[in-house]
Amino acid sequence: MIRSLILAAELLAATCGGPELPVHSGSFQAALSQVVWAGSSGLRCDLKCRGGCAGDGFSDAAAQREAACAAACGCGGGAGRIVALSEAGTAYTSGDNGTTWQDLRESVSLPSGSAPFRVEQIHVSHADAQLVAAITNSSLWLLSRDGGRSWQAMKLTTPSHGEHTIASWQWHPTVANWVLAESPAWSAREAGVRPGRRPRDALYSQDGGASWRLFASNVAQSRWAVPPHGANASRMLVSRFVPAPQPASSGVLARLARTKPPDNLQDVVVTEDFLNSSAAVVGVASPGGVGAASQVHLHQSFIFALVPEPAGAGLRLWFGDDAPGAQGLRPVAFPPRIGPVLPRQLRHMKVLHSTEHTALLYVAAADPDLPWGHVFSCSRGSPDVELLLTDVHRPSALASVAFEAVQGVDGVFIASRAVLDRGQDLDEAEREYDAQADLLETEEEDGATDVPAAGSQPRRFAVRTYISLNMGLAWQPLQPPSGNSGGWPSEQAFEDCQRTDPNGRRPGSCRLHLASWTSAAAAPGLVLGVGNVGQKLSDEPDHFKVWVSRDAGISWAFALSGMHSVAILSHGDVLVAVPHQSPATLHYSTDSGVHWHAARIYKGPPGLSAAGLFTHPAHTDWRALVALGSDVGPAVQLASVDLSVALPVVCKGAADAGTSASDFEKWSPADAMEDAHESRRTACWLGVRTRYTRRRADRACRTVAQALMLAPRDLRTDAPCPCTSADWTCAPGFRRATYGRGAPCEPAEAQDAPNVSSLCAGTAEEEVLVSRGYVRLAGNGCQGGVDLSPRAEACAANAGVAGALRRLLAAWRATGLWVAAGAAAVLVGAAWLQQRQRGKGAGGARGAAGASQRLASVIGRSAAWREYGLARTPCDEEDDEERELLIGER
């Protein structure tokens, strides 16, 4: 207690005084598990932005991330009406920004004889934020059509099956009153599957839940799949359990039946009329013959299916999407150098992030209990995946992966790695895939006594934080603050970090490592992080400090000492930090962390601890809800703090951003890269020059929605740049040796560099394409400039008549006799033409011979390129099309 009081006094002494903030407190009988905002926000919903917010699965965390993403697109509820759910199953509503609260059960008339219930989920419609559903543990659920002011008790019933309990709920993303719900199936026997597989019935309503229709049974998961601005509002993806095969009677089938078939096999279909008709995407009826899957992940329009191999030989990962023009699912091809990916690793995979072009996957270590895994990139149009980052930290099976995108700025990711410290360069990329897991297994077999139990976090693991500015293709450590403004362990540590080696590099101890970080699409480039400077992330949270970046994580500044919960409010106008040691005091800054003010938010008995910090998911509201708990009991105090009084003047000049008269600036991530980033690359970002509109940090004014539109696309303008080496990533079979500056793409250990002679020997073409080790990133918008695509090399042995004959044979093999005969006729005609023109000079003869060779080359080129792997890949063609589309949208 004495230490807490001393720390609070130090923090108060280090901050400046500010205006007294309005604070209102409420009491709840248990900790809060969910807080949502309802009612109209008055903001324009960006449907294209909203289309990218679909989550992976239906966990509470996934639902909250999806709601936050939708709110950042202007599709969430307003700031005035709040619905809070406690872990005890009681829900509360507030119509005055959290000033007063009312038990939801007091505002609803329950049917007579209703049994006690608990609220388990709250869902707000993004198409109409006035629609709010409170899902309970019974067949009774509650609906509000006025943003939570009043509620109506309803039941999910169908004429054929009666009442249903609700397991999951999905409002339609663009059509009000449409809803998709799932209910536990009546019985495993009726569903036609084995007990324990927990199938569900899928139902839909088009009148806000007043009436329901059952459209599918035996369902594993279902979801709306509506493309942004697209038609087919009823388009859905449905994953269904496949009935177990019947035992074979005799012969070969009997022997196969002795291999136990996998449980939870599923198919996936897409439908636009609630399964009156459907098209198979996964399953034996799919166009590509993809077998039934034991696990399915649906993320945006991407589909990932784990399909058991015949006779129990393992699992195969298939990838594809249901977007218009998609070619179905393809088996994923992992890089040859990493070896086989084990089934137990694939079973623990997660989809971390997706864009229009790419999805990022997390695959667990060989031992899934180890606190790390690996992140891969999977691009639309190509079956090959790229290993982006090894040993990404995941503290426990229930914790999230330490890998997050910086919201609002394309292509920027921050991640932490759990590196086994063996005295090596901790920034070095692994020479072999999952090398750490192999090392631990070897040490355990050798009887090493210092090897920790799997899943623990021992001292020998160094957790270190990195940043990528180009979709995870290259990584570098986070840089510490350049000035000694605070945050360093000691004055000597700061002085030591000013010394560099002959290559200009700082010591490994001069790094910033983060335990947590947060960003907001409404505040482009602003990132709040909690961590420490040093060789690794400290094991003691007391060593942590608060850090602020205004350039998407490229450079950082010290803000506060101690472990805090942090949040971004009102387009980044206000930063909030609640210290864990003295949570009754809230710290806030109105100038991006340069100066901080302290406000007392709780005046009751001491001994409380921070139990949660809740803010509007769009980060445009001025309210911070601070939950304070105690070890004595489950009850919490919720303080609602209004920070709008901190900036009473409204910002002006959004249309003239960048001028001296405007309170807004035009900011580009490349501005910081030119000055502070160690790569010193050209001032472009993913091949484009991007500029964002945001409030200047030194202007003491408040941003309102009328002055600055909410949707992220409205805050930015793009223009293409010439390509540089930073716009290219490693081709399949190549890798970067380190996570550092200028690391080139080198052939993997198991692969030799391309040899022109051997490539020419395997083809009849006059030239071959030789990889330089690079491919351009899908979706990169650069034009011209550095070209690292495969170069054309001449094959001298394939020139002249000999080459033409070889191409003729290739055409014969690839297209059949009639095509080859046609080619022969062309050659004969060309020879006749050559003979006729013999007297017209050598130049004419060479031209005729060249024409015959070119004609034969046209016939045989496609087949030969396919045979020898020299054709342009679907990924290359897709990349060009996507780049042109993005440029056209600008």
- Note on the structure: Test side chain to side chain donor-acceptor pair (under 3.5 Å), reference Thr390, set His374, Gln436, Arg417, output is Arg417
Among residues at least two apart in sequence or on other chains, which ones pass side-chain hydrogen bond (donor to acceptor under 3.5 Å, both in side chains) with [X]?
| X | value |
| --- | --- |
| Ser519 | none |
| His348 | none |
| Thr590 | none |
| Thr465 | Ser416 |

Under the rule for side chain to side chain contact (heavy atoms under 4.5 Å, CB included), what residues qualify as partners of [X], not counting sequence neighbours?
| X | result |
| --- | --- |
| Leu342 | Arg344, Gln345, Ala366 |
| Glu404 | Trp517 |
| Ser630 | Leu608, Val632 |

- For His616, enumerate each residue passing the ring pair (Phe, Tyr, Trp, His ring centres under 6.0 Å) test, keeping only those at least two apart in sequence or located in another chain.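 His616: ring pair (Phe, Tyr, Trp, His ring centres under 6.0 Å) contacts with Trp37.
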- Message: Using the ring pair (Phe, Tyr, Trp, His ring centres under 6.0 Å) criterion, which residues pair with His353? Sequence neighbours excluded.
- Response: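 Partners of His353 under the ring pair (Phe, Tyr, Trp, His ring centres under 6.0 Å) test: Phe413.
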- What orientation do His564 and His587 show, parallel under 30°, tilted 30 to 60°, or perpendicular over 60°? perpendicular
- Hey, what's the ring geometry for Phe376 with Phe334, parallel, tilted or perpendicular (30° and 60° as the breaks)? perpendicular
- State which residues pass salt bridge (charged side-chain N to carboxylate O under 4.0 Å, His left out) with Arg623; sequence neighbours excluded, sorted by chain then number.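 Applying salt bridge (charged side-chain N to carboxylate O under 4.0 Å, His left out) to Arg623 gives Asp642.
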- Can you list every pair that meets salt bridge (Lys or Arg N to Asp or Glu O under 4.0 Å) and has a residue in residues 561-586, with sequence neighbours left out?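 Salt bridge (Lys or Arg N to Asp or Glu O under 4.0 Å) check on residues 561-586 returns Asp573-Arg695.
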- Query: Quick one: salt bridge (Lys or Arg N to Asp or Glu O under 4.0 Å) pairs with a partner in residues 553-569, sequence neighbours left out?
  - Reply: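 Non-adjacent pairs meeting salt bridge (Lys or Arg N to Asp or Glu O under 4.0 Å): zero.
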